[in-house]
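What follows is a single structure, written as structure tokens, with notes after it.
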Amino acid sequence: MNKYISIIILVLASAFLLFSCARPKQNPDTLNITTSFYPMYIFTLNIAKDIPSVKVTNLTKPTTGCLHDYSLVPQEMKALESTDIFVANGGGMESFLDKVTKTIPKDHIIDSSLGVEPISSNGIVNPHFFVSISNAINQVENISNGLIKLDPKHKKQYLANTKAYIARLTTLKDKMHLSLANIKGKNIITFHEAFPYFAREFGLNIVAVIEREPGSEPSAGELAETINMIKQQNIKAIFVEPQYSAKAAETIIRESSANIFTLDPAVTGSYNLTAYETIMEKNLLTLKEALH
């Protein structure tokens, strides 16, 4: 008898474990979209806005910034369990993508970088595609197409939202091109490798990068080399980023005639629909002040 009781208990325990692992979604009528980091969240939020049964959540904190060597914490891994669609920047930005694929099927992961012309250095693709407005528009289209494929019943709303958002981004892009077309001093120095696509878009020439990777302080020799370049080429502007310390740049300007200005790569900010546009408008004002 004890033997049979033990078998029954074992069967019940196994059934309980199976039920726990295959627990249903809390709300099966809601489509849960998770984005990898800030700019992907803003883009997706605009595409999926005002659709009651679609929920967009950002996986990482809005203060995270670029996902350089970022590791997911247990809370973020748990959040992926209820995700139906994952939106990624692509290009190697999400170093943790292999962990995402263990929870979410690959065909439910949208790579927003498809079709973007990459900029590479030493064989490594620079993943900051979104800092270029033209690339951002491409990424918005990719996200929209991916959502329509995976959630065709909301196709009409996705298309309408995408059309409206791209129209706003295109207007902003045209405004920035017009304002920056006649700038003479196009040689600039940036803080780290966030702006090659932005520079390509607006015809700027990045002659030096202070920190190739955020947090990797330049050596005394590298600082001296940058200072000499500034003097030789009469460079007037060094652009730092609001997400990082400007300590190295401050050392450079003390030894040169350059001034510090802030350019924002749009990797942190407020959670509102026009956030990306607001950041780029501010960048435009900064460039006009620094380079005209």
Side-chain angles (χ1 to χ4, degrees), residues 25 30-51 53-68 70 72 75-116 118 125 127-155 157-166 169 197 265-277 279:
K25 291 169 59 175
T30 299
L31 179 74
N32 291 307
I33 304 170
T34 300
T35 58
S36 60
F37 76 132
Y38 182 74
M40 298 303 104
Y41 176 76
I42 299 300
F43 295 166
T44 307
L45 199 63
N46 275 278
I47 298 165
K49 73 173 186 134
D50 298 330
I51 306 177
S53 58
V54 176
K55 180 182 178 183
V56 181
T57 305
N58 195 34
L59 182 65
T60 54
K61 294 179 180 179
T63 55
T64 300
C66 292
L67 302 176
H68 299 288
Y70 186 82
L72 296 178
Q75 185 179 358
E76 292 164 344
M77 287 298 298
K78 185 173 179 59
L80 290 173
E81 293 177 6
S82 59
T83 296
D84 299 302
I85 299 172
F86 187 80
V87 177
N89 177 76
M93 176 65 79
E94 294 87 359
S95 57
F96 53 76
L97 208 54
D98 58 330
K99 293 183 178 179
V100 175
T101 57
K102 292 178 181 178
T103 306
I104 302 169
K106 287 186 178 181
D107 59 356
H108 281 231
I109 297 175
I110 299 173
D111 182 347
S112 70
S113 69
L114 297 176
V116 173
V125 172
H128 300 85
F129 313 118
F130 51 87
V131 189
S132 154
I133 301 181
S134 294
N135 287 347
I137 291 172
N138 188 332
Q139 290 183 280
V140 168
E141 290 175 339
N142 285 333
I143 296 168
S144 179
N145 291 337
L147 292 179
I148 290 169
K149 180 180 179 180
L150 294 168
D151 182 31
K153 71 177 181 179
H154 291 120
K155 177 179 178 178
Q157 292 123 307
Y158 289 137
L159 285 175
N161 288 340
T162 301
K163 182 179 179 181
Y165 190 38
I166 287 178
L169 293 177
Y197 295 98
V267 293
T268 60
S270 62
Y271 275 2
N272 63 70
L273 293 170
T274 59
Y276 179 84
E277 297 146 87
I279 290 170

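Side-chain contact check for His154 versus Val54: some heavy-atom pair is nearer than 4.5 Å. You'll find the side chain of Gln157 stays beyond 4.5 Å of the side chain of Asp50, heavy atoms only. Looking at heavy atoms from C-beta onward, Leu80 lies in side-chain contact with Leu72 at the 4.5 angstrom threshold. Residues Asp151 and Tyr158 meet the side-chain proximity criterion, which asks for heavy atoms closer than 4.5 Å. The closest side-chain heavy-atom distance from Thr103 to Phe86 is not below 4.5 Å. In this structure, the side chains of Met93 and His128 come closer than 4.5 Å at one or more pairs of heavy atoms.
The backbone N or O of Val140 lies less than 3.5 Å from no partner atom in the side chain of Ser112, so there is not a single donor-acceptor pair. Of the possible polar contacts, one joining the Asn142 side chain to the Leu114 backbone as a donor-acceptor pair under 3.5 Å is found. With hydrogens and angles ignored, the 3.5 Å screen pairs a side-chain donor or acceptor of Tyr38 with a backbone N or O of Ser270. Side-chain atoms of Gln139 come within 3.5 Å of backbone atoms of Phe130 as a donor-acceptor pair (strictly under, hydrogens ignored). Proximity of a side-chain donor or acceptor of Asn46 to a complementary backbone N or O of Ile42 within less than 3.5 Å is detected. Thr64 contributes a side-chain N or O that, together with a main-chain N or O of Lys61, makes up a donor-acceptor pair within less than 3.5 Å.
Two rings, from Tyr165 and Tyr276, have their centers 6.0 Å or more apart.
With values rounded to the nearest 0.5 angstrom, Ile33 atom CD1 is found 12.0 Å from His108 atom NE2. Atom CE of Met40 sits about 7.5 Å away from atom CD of Glu94, to the nearest 0.5 Å. Within the model, atoms CZ of Phe43 and OG1 of Thr162 stand 12.0 Å from one another, a figure rounded to the nearest 0.5 Å. Atoms CD1 and CD1, from Ile104 and Ile109 in turn, are 6.0 Å apart once rounded to the nearest 0.5 Å. For the atom pair CG (Asn138) and CD1 (Ile133), the distance works out to 14.0 Å, reported to the nearest 0.5 Å. Taken to the nearest 0.5 Å, the CD1 atom of Ile110 stands 9.0 Å off from the CG atom of Asn145.
Between Val267 and Cys66, the shortest heavy-atom contact is CG1-SG, 3.5 Å. Nearest heavy atoms, Val131 versus Pro265: CG2-O, 3.6 Å. Pairing each heavy atom of Ser36 with each of Ala88, the nearest pair is OG-CA, 3.9 Å. Heavy atoms only, all atoms of each residue included: Gly91 and Ser113 are closest at N-OG, 3.9 Å. Residues Tyr70 and Phe96 come closest through the heavy atom pair O-CD2, 3.7 Å.
Judged purely by distance below 3.5 Å, without hydrogens or angles, the side chains of Thr83 and Asn32 never pair a donor atom with an acceptor atom.
Screening Thr44, Asn58, Asn89 for a side-chain hydrogen bond (donor to acceptor under 3.5 Å, both in side chains) with Thr35, the sole residue that qualifies is Asn58.
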